[in-house]
Amino acid sequence: MTGSWIDISVPIYPGMVHWPDNPAVRIERIQDLSRGDAANVSKLEMGAHTGTHMDAPRHFLADGAGLDELPLVTTIGPARVFPIVHPRTILPEELEAHRLRAGERVLFRTQNSERCWKDNRFVEDFVYISAAAAQYLVQLQVRTVGIDYLSVGGYVHDGVETHRILLGAGIWLIEGLNLAAVKPGAYELVCLPLRVVGADGAPARAILRPSGRGKASKAG
Ligand SMILES: [Zn+2]
């Protein structure tokens, strides 16, 4: 049994939330039918780490791989969504109970999903992955890590450290997910960031569907 696809990416629009020192989203009609042009054509302007996006190793490592080097298997395939109850930080102690496996794609559903996407204000005290939990994920050799706000690391604590630990170990990161409509469990994940050459990050569309216990069907 498989369910239908759930969109876990956030909408992109002018005025939407972004990391404080990153650029705002602008969408400008540079050709417009209403002005007599032959077509509507928009110019998109946004930071590479706004909304649902992926981080490449190059985000924090000068010689790291760019996002165009992302192996597709990183973000297409089985994934598990884990509930995080801690209201501030993901700690190794909480992860231990979940028995994460090597090679897994893991998505953390924290209070952020319900709390942080409600309006366009940047939330400073979002739930983040502590540096200690990042080390734990590296030790377990998970493949991919997803989080439900704009950064795997905190705004005040572990921002740089958590990124360096995960990206330095070859773990690819999906940030800016909204998992409010998703229950913890086993899913199929499809997440495709734009193929921007040498990019430190890029916007992505991410979808999940429940995989049940057996093999996923082709339909849907
Ligand atoms: Zn990022």
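All ligand and atom numbering here is 1-based and tracks the order in the structure.
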Counting backbone and side chain alike, does [X] bring an N/O/S atom below 2.8 Å of the Zn ion (ligand 1)?
| X | answer |
| --- | --- |
| His163 | no |
| Glu175 | yes |
| His49 | yes |

Problem - Asp55 OD1 and His53 NE2 subtending at the Zn ion (ligand 1) (10° steps) - result: 110°
Practice task
Just say parallel, tilted or perpendicular for the rings of Phe122 and Trp19, cut-offs at 30° and 60°.
Solution key: perpendicular
Handout entry: His49 and Asn22 side chains, donor-acceptor separation under 3.5 Å
Key = no
Practice task
Answer yes or no: does atom CD of Gln141 have more than 12 heavy-atom neighbours from other residues, nucleotides or ligands under 6.0 Å?
Solution key: no
Practice task
Give a yes or no on whether the backbone of Gly64 and the side-chain of Arg58 come within a donor-acceptor separation of less than 3.5 Å.
Solution key: yes
